[in-house]
Amino acid sequence: MAVNVFASATEGGNTAVPLGSSGVAATIDCPDLSERLTTVPQAARPEVDTELARLDQQIATAYGQLQEAARGADDGELDEAAVLDPLERERAATIERIVAAVDKAGDRPEGLDAEAACALRRTEATTAGAESGGPEQGQRQDGKEQEAGNGDDADGTGQDAGGQRPPGNGGQAGNGPVAGDYAAIESVRPNAVEAPRRDGASNGSFATSCGVNAEGLFNSDNLIAAPGVGNGAHHFHDYVGNQDNDAFSSDEDLAAADTSCADRGDKSSYYWPVLRLQNGTVEQDAQSPGGGIEGNAGEIVTPAEVTLTFEGNERGKVTEMPRLLRIITGDAKAFVNGDANANASWSCTGFEDRQLKDKYPLCPSGSDVVRTFTFQSCWDGRNIDSANHRTHVAFAAADGSCPDGFRPIPRLVQRIVYDVDAPSLQDGGKTVPLFAVDSFPEQLHKPVTDHSDFINVFDEDLMREMVDCINTGRACGAGASPGPGQGGDPGEGAGEAPQEQPTGDPGANPGDPGANPGGPGVNPGEDATDEPTEKPTDEPTEKPIEEPTGAAPTQEPTGAPQQGSGAPEDDTWQTETASPSAEPRAATTPAGVADDRSAAEAAPGAEGDAGAREDVAAGAAGQPRVPQGGLAETGSGLGLWPAAVGGILFAGGCVLLVRSRRHAR
């Protein structure tokens with residue numbers, strides 16, 4: 001739980017922090033050493049990565065000690081030095097090992113010893129009744145009332161990792177979220193701006209359809225930031241695409257793995273922190289590191305839709321991404337680091353011209369929560385990763401230009417939609433539960449800490465096809481959109497007939513930070529509550545065609561392993577750009593990036609339930625989509641009416657002709 005303290009507790013040198021109900025929470029604020037380590041020799045990187053992960057574990061442990069100290073402070077005072085002093089000693093020893101590892105392989109870094117000290121940071125924690133500690137009784141979950149008391153429920157609902165939910169400052173785990181972390185989307189002014197496009201811009205797009213993680217592939221590892229370290233993220237991730245995602249996956253493992261993507265040539269890894277409902281549900285990780293033990297509690301929500309789209313550059317052509325390129329967008333520690341690297345944005349279907357960066361959205365009835373990540377789209381032309389996992393890639397400027405020495409690559413935009421209700425802030429989420437992303441425990445589940453990760457494991461031929469489609473202005477891929485406002489169901493398309501569609505002006509361009517203030521742009525004219533323009537008839541003329549079930553997709557068949565990992569051969573993690581070649585393959589199915597799910601459901605043949613809306617109906621790949629409804633609804637029956645009317649007219653004409661001849665006689 002976040003620790004209640006007075007904001008002025010340490011003024012005047014007083015090291016004892018009085019406890020109280022001031023509505024101010026404390027968390028551990030330590031310098032992020034990775035921000036300083038922009039250059040680390042290849043030989044030292046494994047050891048440095050391990051020690052950086054150890055620093056994160058030390059902070060998490062100290063935060064837990066802060067919680068325990070607050071619970072046991074019967075005299076109303078907390079000795080913060082008892083928590084911070086041992087943490088500083090541990091950090092100093094770890095930093096010394098990092099310095100020694102770098103010094104052994106290259107130049108000795110200077111000034112890192114000053115990064116050992118941490119502080120107790122205070123932040124507003126209670127607003128609008130959120131101090132209640134989150135939902136307790138009478139919660140709604142799937143339309144059912146459930147008891148979530150103080151940990152003595154027969155089914156375990158309402159318990160935290162320790163078996164009892166202690167009082168806190170919001171959220172069932174006590175370290176967030178709180179009411180102040182939310183904002184009504186209707187109160188936000190439109191702020192998404194389309195970046196201007198010059199002659200020669202790459203106006204095409206390439207979509208890949210990889211499902212919604214309905215099978216539940218989760219872990220708290222981070223292969224990019226903490227390779228070889230279990231629980232390196234301290235929070236759970238959703239994974240789509242590559243199915244061999246853990247801290248110990250090698251490049252060869254990634255290349256040989258199965259994929260959830262409709263196009264088997266995409267074995268890339270896409271992952272982000274899970275979203276949870278603070279409803280007392282005991283999940284699979286309730287007793288595990290990265291889960292309930294570290295304050296990430298509640299029901300994990302499976303996305304209703306996930307769209308993964310690669311876009312072009314506003315002023316020129318893009319080049320191929322190197323195989324095994326790693327990109328992290330956003331900052332998991334932005335609450336204490338500051339928002340310089342924060343990059344996720346939040347909105348609601350039908351309102352995506354309004355984007356939030358530091359608040360979760362409160363969506364009106366009929367509108368769903370939308371979470372968007374726009375990745376860096378400039379590459380240094382040499383490295384597939386860097387010591388801090390940032391400096392080898394960069395964001396393009398507002399006009400699409402890349403920094404000196406960088407070249408444009410396809411811009412990945414991830415759009416994740418959740419069917420969750422706006423929480424009841426007035427009672428701290430008791431009636432309708434709060435929701436939040438997983439985070440490092442000391443980051444208090446703030447929305448600004450949201451982030452996403454990508455490892456490129458595209459087949460080289462498919463990557464060439466992607467670049468050709470983007471540079472020639474076409475919409476391609478297994479899930480490509482016919483364009484904003486042209487309909488289509490984002491969750492479908494894996495089994496439709498292959499097609500390529502030219503694009504003109506691509507419309508709203510999510511863009512990179514700077515190019516697009518406030519986050520991804522959309523078509524503000526679309527509304528999530530629009531009614532279908534065509535309604536099915538009450539009585540079909542034929543027996544309705546059988547509808548596909550809304551059951552969860554079955555496992556896709558395992559694809560053949562790719563040959564070779566594509567890993568760099570030298571020790572500097574560098575790679576050369578592959579030269580463009582030959583004709584692209586025929587693109588597979590487009591599946592649109594609709595701005596709202598309601599509009600997609602209104603389209604003929606679109607399934608209305610979340611299971612049928614998933615991007616990949618695994619096991620249905622390559623199968624034609626079965627239309628819903630009878631002939632009158634699908635339009636097939638309408639084709640019979642002209643023939644029937646024509647037949648009647650023809651018969652009538654024959655009768656008149658015979659009668660006229662008899663009369664003439």
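Position 1 is the first residue of the sequence; numbering continues from there.
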Novice: Could you tell me which non-hydrogen atom of A332 sits nearest to which non-hydrogen atom of H235, and how far apart they are?
Specialist: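 So the minimum-distance heavy-atom pair works out to CB-CE1, 4.5 Å.
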Novice: Residues in salt bridge (charged side-chain N to carboxylate O under 4.0 Å, His left out) with D221, at least two apart?
Specialist: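 Residues passing salt bridge (charged side-chain N to carboxylate O under 4.0 Å, His left out) with D221: none at all.
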Novice: Could you tell me how the ring of Y270 sits relative to the ring of F454: parallel (under 30°), tilted (30 to 60°) or perpendicular (over 60°)?
Specialist: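 Because their plane-to-plane angle lies in the 30° to 60° range, the rings of Y270 and F454 count as tilted.
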Novice: Do you know which two heavy atoms are closest between N245 and N219, and how far apart they sit?
Specialist: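 For N245 versus N219, the nearest heavy atoms are O-ND2, 2.5 Å.
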Novice: What distance separates T374 OG1 from Q355 CD, expressed to the nearest 0.5 Å?
Specialist: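 Between T374 OG1 and Q355 CD, I get 8.5 Å after rounding to 0.5 Å.
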Novice: Between N191 and R354, is a side chain to side chain donor-acceptor pair (under 3.5 Å) present by the stated rule, with each step listed?
Specialist: CA-CA 5 Å; N191 54 16; R354 313 171 191 210; over 6 Å; no
Novice: Check whether the side chains of E299 and N279 place a donor and an acceptor atom closer than 3.5 Å, and report yes or no.
Specialist: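 Yes, a side-chain donor-acceptor pair sits under 3.5 Å.
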Novice: Which pair of non-hydrogen atoms, one from T349 and one from S367, has the smallest distance, and what is that distance?
Specialist: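 For T349 versus S367, the nearest heavy atoms are O-OG, 2.7 Å.
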Novice: Measure the OG-CZ distance between S202 and R474 for me, rounded to the nearest 0.5 Å.
Specialist: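 The OG atom of S202 sits 13.0 Å away from the CZ atom of R474.
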Novice: Run the side-chain contact (heavy atoms from CB on, under 4.5 Å) test against E35 and tell me which residues pass, sequence neighbours left out.
Specialist: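 Scan of E35 (side-chain contact (heavy atoms from CB on, under 4.5 Å), adjacent residues dropped) gives D32, N341, R390.
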Novice: Do the side-chain N and O atoms of N203 and R197 include a donor-acceptor pair separated by under 3.5 angstrom?
Specialist: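 There is such a pair between these side chains.
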Novice: Taking the six-membered ring of F335, is NZ or CZ of K446 closer than 6.0 Å to its centre and within 45° of its axis?
Specialist: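 Output yes; distance and angle both within limits.
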Novice: Evaluate the criterion side-chain contact (heavy atoms from CB on, under 4.5 Å) for residue pair L412 and T309; output intermediate values, then yes/no.
Specialist: CA-CA 6 Å; L412 171 59; T309 308; over 6 Å; no
Novice: According to side-chain contact (heavy atoms from CB on, under 4.5 Å), who are the partners of P447, at least two apart in sequence or on a separate chain?
Specialist: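 Expected list: D181, W346, Y360.
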Novice: If you measure only the distance, is there a donor-acceptor pair under 3.5 Å linking the side chains of D266 and T208?
Specialist: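 Their side chains do contain a donor-acceptor pair, which is all the 3.5 Å distance test asks for.
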Novice: Out of the candidates T302, V437, D438, V301, only one should pair with V274 under the side chain to side chain contact (heavy atoms under 4.5 Å, CB included) rule; please name it.
Specialist: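 That would be D438.
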Novice: Are F236 and Y271 close enough that their ring centers fall under 6.0 Å?
Specialist: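 That pair fails the under 6.0 Å test.
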Novice: Should V240 and L308 be marked as a side-chain contact (heavy atoms from CB on, under 4.5 Å) after you check the CA-CA gap, both sets of side-chain angles, and the distance that decides it?
Specialist: CA-CA 10 Å; V240 301; L308 307 170; 4.3 Å; yes
Novice: Show the nearest heavy-atom pair for residues R315 and G400, with the distance to one decimal.
Specialist: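 Shortest heavy-atom contact: CD-C, 3.6 Å.
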Novice: Does the side chain of S452 come under 3.5 Å of the side chain of Q414 through a donor N or O and an acceptor N or O?
Specialist: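 Side chains of S452 and Q414: pair found under 3.5 Å.
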Novice: Name the one of P441, S439, S220 that satisfies side chain to side chain contact (heavy atoms under 4.5 Å, CB included) with H234?
Specialist: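 The side chain to side chain contact (heavy atoms under 4.5 Å, CB included) with H234 is passed solely by P441 among P441, S439, S220.
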Novice: If you take all heavy atoms of Y182 and P423, which pair is closest and at what distance?
Specialist: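 Reported closest heavy-atom pair: CE2-CG, 3.9 Å.
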Novice: Where do W272 and R371 land on the side-chain contact (heavy atoms from CB on, under 4.5 Å) test, with the steps shown first?
Specialist: CA-CA 11 Å; W272 50 81; R371 183 181 178 192; 3.7 Å; yes
Novice: State, to 0.1 Å, how close R276 and G298 come at their nearest heavy-atom pair, and which atoms those are.
Specialist: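 Result for this residue pair: NH1-O, 3.3 Å.
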Novice: Can you tell which of L223, L217, N222 makes a side chain to side chain contact (heavy atoms under 4.5 Å, CB included) with H237?
Specialist: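 Answer after filtering L223, L217, N222: N222.
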Novice: Taking the six-membered ring for Trp and the full ring for Phe, Tyr or His, determine whether the centres of F375 and F310 are under 6.0 Å apart.
Specialist: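 Ring centroids of F375 and F310 are no less than 6.0 Å from each other.
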Novice: Knowing that exactly one of C210, S268, S260, S269 qualifies, which makes a side chain to side chain contact (heavy atoms under 4.5 Å, CB included) with N242?
Specialist: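 Result for side chain to side chain contact (heavy atoms under 4.5 Å, CB included) with N242: S269.
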